[in-house]
Amino acid sequence: MSNKKIMVSGIQPSNNLTLGNYLGALKPFVDLQKKYKMFVFIADLHAITNEFNRAMLLKNKKNIACLYCACGLDIKKTIIFNQSDVCSHNDLSHVLLCHTTLGELKRMTQFKTKALTKNDNNTSFIRTGLLTYPILMAADILLYDTDVVIVGADQKQHLELTRNLAIRMNNKYGKMFNIPQPFILKNASRIMDLVDAKIKMSKSNKNQNGVIYLLDDKQTIIKKIMTAKTDSFNKIRYDKKNQLEISNLLEIYASLTDKNINDIVKKYRNKNYKLFKEDLANIVVEKLDIIQKKFKKISKDFDKKIEPILKKNAEYCTAIVKRKTKLVYKKIGLTK
Ligand code: AQP
């Protein structure tokens with residue numbers, strides 16, 4: 001193995017990927033792959049913790065693999081694989097679950113938010129995967145002796161749980177896990193929904209008008225941006241407290257062009273929202289057009305070129321992480 005630091009991450013194939021996934025995850029991954037040994041998986045085991053449909057799941061998995069490459073992940077440098085092809089993720093997850101309390105899982109803000117919005121305190125009908133997925137996430141991280149994990153604000157708590165579990169297990173049975181450090185992205189944007197800027201732009205948001213999907217066609221992108229909610233000030237200012245919507249559009253502009261937000265604000269100081277939105281729509285269309293062209297080409301060759309690499313990578317990962325599960329099993333007394 002090289003002596004580069006190890007970074008692990010994944011995206012759930014729970015729907016088509018969004019501009020939020022691109023700016024908050026894929027774009028930074030592309031920069032980081034030069035410096036880190038990166039494992040980027042298709043988090044299919046996580047995707048089944050919510051409602052899912054077999055045909056869509058298979059389609060989304062293929063699309064994500066192709067989009068990873070189309071967005072610039074270098075399949076020769078970065079180890080891309082399907083999570084479910086590496087059985088140890090589940091094996092370690094079970095061991096970790098047995099060392100976690102119900103209280104710890106119920107305290108997770110994401111569980112509380114998702115569970116409560118679904119069934120108002122009545123947890124009887126909540127899928128247990130929603131409760132236990134942070135432990136699968138812990139297994140995803142700890143299996144690879146991960147040094148650093150990219151964490152957005154909503155995943156901080158899960159990484160803390162991972163670290164606590166690793167320390168707990170190391171103290172009880174002797175050192176078996178590396179303790180991963182959080183990696184806070186510089187200039188990381190949390191892209192918000194275009195219709196309701198109080199919520200994150202998410203793959204599975206109900207109202208698709210607020211979500212730009214990486215595979216949306218040109219007309220759809222233009223329509224979504226031109227009809228994005230804004231305020232009545234008609235002044236382009238970066239003010240997340242009073243002008244949340246336009247600030248979100250400014251962040252998208254800045255992230256896509258790698259420009260400074262203040263410079264963009266200066267450029268549009270005396271311009272109206274319509275003109276700003278038209279320019280932003282062009283920028284998004286242009287960027288996504290490049291990705292979509294690559295995506296089309298890669299998708300055609302998926303069976304011949306991408307799928308075999310995913311399989312080979314899964315075998316490579318299996319070999320690495322089997323050593324880890326073997327060590328854990330031995331330390332805790334499952335094997336001699
Ligand atoms: N709106 C966003 N802004 C910035 N970053 C984002 N990410 C997701 N949405 C935004 C980042 O993309 C990766 C996606 O990981 P995931 O699919 O495992 O989880 P998620 O955060 O739950 O993504 P979604 O799109 O919101 O999916 P659904 O709707 O299925 O729950 C992460 O690195 C995340 O930070």
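Start at 1 and go down the list; that is how both ligands and their atoms are numbered.
A salt bridge is defined here as a Lys NZ or Arg NE, NH1 or NH2 lying under 4.0 Å from an Asp or Glu carboxylate O, and Lys274 with Glu278 meets this definition. Between Glu51 and Arg127, at least one side-chain N (NZ, or NE/NH1/NH2) sits under 4.0 Å from a carboxylate O, which counts as a salt bridge.
For atom 1 (N) of ligand 1, the nearest non-hydrogen atom of the protein is Ile191 O, 2.7 Å. Closest protein heavy atom to atom 30 (O) of ligand 1: Ser14 OG, 2.6 Å. With respect to atom 8 (C) of ligand 1, the closest heavy atom belonging to the protein is Asn21 ND2, 3.1 Å. Among protein heavy atoms, the minimum distance from atom 20 (P) of ligand 1 is reached at Lys200 NZ, 3.5 Å. Protein heavy atom nearest atom 17 (O) of ligand 1, with residue, atom name and distance: Lys203 NZ, 2.4 Å.
No N or O atom of Ala25 sits closer than 3.5 Å to an N or O atom of ligand 1. For ligand 1, the polar-atom distance check against Ser202 finds a nitrogen or oxygen pair separated by under 3.5 Å. In terms of N/O distances under 3.5 Å, ligand 1 is not approached by Met192.
The closest approach between Leu23 and ligand 1 stays at or above 4.0 Å for every heavy atom of the residue. A heavy-atom separation below 4.0 Å is not found between Thr18 and ligand 1. Residue Arg190 places a heavy atom under 4.0 Å from ligand 1.
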- prompt: Is there a ring pair (Phe, Tyr, Trp, His ring centres under 6.0 Å) between Tyr144 and Phe41 once you walk through the steps?
  reply: CA-CA 12 Å; Tyr144 293 84; Phe41 58 92; 7.6 Å; no
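For the residue pair Asn90/Ser93, the side-chain donor-acceptor check at 3.5 Å is not satisfied. With no hydrogens or angles considered, a side-chain donor-acceptor pair links Asp44 and Ser84 at under 3.5 Å.
Under a hydrophobic-cluster definition in which Ile, Leu, Val, Met, Phe, Trp and Tyr are linked whenever side-chain heavy atoms come within less than 4.5 Å, directly or via other members, Ile184 and Ile141 are assigned to the same cluster. Note on Leu57: it does not cluster hydrophobically with Leu130, by side-chain heavy-atom contacts below 4.5 Å among ILVMFWY residues.
Gln208 contributes no side-chain N or O that, together with a main-chain N or O of Tyr213, makes up a donor-acceptor pair within less than 3.5 Å.
The presence of a protein heavy atom under 4.0 Å from atom 26 (O) of ligand 1 is confirmed. Distance screen at 4.0 Å: atom 13 (C) of ligand 1 has a protein heavy-atom neighbour inside the cut-off.
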